[in-house]
Asks: 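Take a look at this one; I'll ask things after.
Residue numbers run from 1 in the order of the sequence given.
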Amino acid sequence: MIDRRRFLTTSLLGAGGFALPTLLSAQDVANPDAPIEDVPPPFDFTPKLVRLDNPMPPGEIHVVPDVYSLYWTLPNGEALRYYVGVGRDALYISGTFNIGAKKEWPSWTPTKDMIEREPDHYAKYADGMPGGPDNPLGARALYLFQPEVGDTFLRIHGTNKPDTIRTDVSNGCARLVNDQAIDLYDRVPIGTTVYLYEKGLLPRAT
């Protein structure tokens, strides 16, 4: 029997044929002289239009955890860069996925593993939590699937806790502030390919 976590972890980006540092070689279109790795002012997580030195196919999501960035690739070698929170080190999973479902104000149920790890925190939600402003998935959620697995229980979703952006905070999901989750959600169709890169490929953003 295939172990779900082991399978997901071994489906890595190396086979994709592109190098991570090349993906990150980009310029802010509005301010070309600004270093792309500049930390935004507190709570300013507005997506930035960037131009990639090595263009990627449009209509893909690339999540680079070391710099807490999600790229939505556009035509003409450009991309929108969103700031995200990512999974804690032991829980982060890299790999190639596709968007298998999209939901507005989604309900949420903790996984069995989450309840076993932190029963005091999660057991009370074992029967699920309806969507709404206090739901951990926020205003929008994109559900990550793999053909051999189906729903991986990984999400790209919103949050009403901006202080968790640019941190290693979640049980494996990538999170954006709610207004940016709505913005991304409206752009991304079902079937979109999502690349979650390994950690430790770049110096950590501070």
Asks: Look only at the side chain of Asn178 and the backbone of Ala139, and say whether a donor-acceptor pair between them is shorter than 3.5 Å.
Replies: yes
Asks: Should Met129 and Met114 be regarded as members of a common hydrophobic cluster, given that ILVMFWY residues are connected when their side-chain heavy atoms come within less than 4.5 Å of each other, either directly or indirectly?
Replies: yes
Asks: Does the side chain to side chain contact (heavy atoms under 4.5 Å, CB included) test come out yes or no for Asp113 and Leu91, once each step is laid out?
Replies: CA-CA 11 Å; Asp113 288 346; Leu91 302 176; over 6 Å; no
Asks: Rounded to the nearest 0.5 Å, what separates atom CE in Met56 from atom OH in Tyr195?
Replies: 9.5 Å
Asks: Take a 6.0 Å sphere around CG of Asp186 and say whether it holds more than 12 heavy atoms from other residues, nucleotides or ligands.
Replies: yes
Asks: For Lys161, give me all partners under side-chain hydrogen bond (donor to acceptor under 3.5 Å, both in side chains), at least two apart in sequence or on another chain.
Replies: none
Asks: Is the NZ atom of Lys103 crowded by more than 12 outside heavy atoms at less than 6.0 Å?
Replies: no
Asks: Measure across Gly138 and Trp105 and return the closest heavy-atom pair with its distance rounded to 0.1 Å.
Replies: O-CE3, 3.6 Å
Asks: Tell me every residue that passes salt bridge (charged side-chain N to carboxylate O under 4.0 Å, His left out) with Asp183, counting only those two or more places apart in sequence or in another chain.
Replies: Arg187
Asks: Just do the side chain to side chain contact (heavy atoms under 4.5 Å, CB included) check on Arg81 and Val67 with the steps written out, would you?
Replies: CA-CA 11 Å; Arg81 183 194 194 191; Val67 290; 4.0 Å; yes
Asks: Check step by step if side chain to side chain contact (heavy atoms under 4.5 Å, CB included) holds for Leu49 and Leu80.
Replies: CA-CA 5 Å; Leu49 181 65; Leu80 283 175; 4.2 Å; yes
Asks: In chain order, what residues pass the salt bridge (charged side-chain N to carboxylate O under 4.0 Å, His left out) check against Glu118, with sequence neighbours excluded?
Replies: Arg88
Asks: Applying side-chain contact (heavy atoms from CB on, under 4.5 Å), can you list everything that pairs with Val169, at least two apart in sequence or on another chain?
Replies: Thr164, Thr167, Arg175
Asks: What distance do Ile182 atom CD1 and Gln180 atom CD have between them, rounded to the nearest 0.5 Å?
Replies: 9.0 Å
Asks: Within the 4.5 Å heavy-atom criterion, are Leu142 and Leu184 side-chain neighbours or not?
Replies: yes
Asks: Please answer whether the main-chain N or O of Thr96 pairs with a side-chain N or O of Gln146 as donor and acceptor at a distance below 3.5 Å.
Replies: yes
Asks: If I take atom OG1 from residue Thr46 and atom OH from residue Tyr82, how far apart are they, to the nearest 0.5 angstrom?
Replies: 10.5 Å
Asks: Answer whether the closest heavy-atom distance between the side chains of Tyr143 and Pro106 falls below 4.5 Å.
Replies: yes
Asks: State which residues pass side-chain hydrogen bond (donor to acceptor under 3.5 Å, both in side chains) with Tyr185; sequence neighbours excluded, sorted by chain then number.
Replies: none
Asks: I'd like to check Trp72 versus Thr192 (side-chain heavy atoms, cut-off strictly below 4.5 Å). Are they in contact?
Replies: yes
Asks: Lys102 side chain to Val188 main-chain N or O, any donor-acceptor pair under 3.5 Å?
Replies: yes
Asks: Under 3.5 Å, side chain of Thr73 to main-chain N/O of Gly59, donor-acceptor pair present?
Replies: yes
Asks: Between Gly87 and Ser170, what is the shortest heavy-atom contact and its length?
Replies: CA-OG, 3.1 Å
Asks: Roughly how far apart are Trp108 CH2 and Arg155 CZ, rounded to 0.5 Å?
Replies: 12.0 Å
Asks: Can you give me the closest heavy-atom contact between Tyr83 and Lys48, atom names plus distance?
Replies: OH-CE, 4.2 Å
Asks: Checking side chain to side chain contact (heavy atoms under 4.5 Å, CB included) between Leu154 and each of Asp151, Thr152, Ile156, which is the one that passes?
Replies: Thr152
Asks: Got a sec, which residues hit side-chain contact (heavy atoms from CB on, under 4.5 Å) with Pro57, two or more places apart in sequence or on another chain?
Replies: Glu60
Asks: Taking side chain to side chain contact (heavy atoms under 4.5 Å, CB included) as the criterion, tell me which of Thr193, Leu144, Asn98, Leu70 meets it with Ile61.
Replies: Leu70
Asks: Would a distance-only check, ignoring hydrogens and angles, find a side-chain to backbone donor-acceptor pair under 3.5 Å from Asn135 to Leu137?
Replies: yes
Asks: If you take all heavy atoms of Gly158 and Ala181, which pair is closest and at what distance?
Replies: CA-CB, 3.6 Å
Asks: Go through Tyr92 and Leu196 one step at a time and tell me if the side chain to side chain contact (heavy atoms under 4.5 Å, CB included) criterion holds.
Replies: CA-CA 9 Å; Tyr92 181 80; Leu196 302 184; 3.6 Å; yes
Asks: To check you understand the geometry: which heavy-atom pair defines the closest contact between Gly77 and Pro55, and what is its length?
Replies: CA-CB, 3.6 Å
Asks: Report yes or no: does Asp168 contribute a side-chain atom to a donor-acceptor pair with the main-chain N or O of Val86 at less than 3.5 Å?
Replies: no
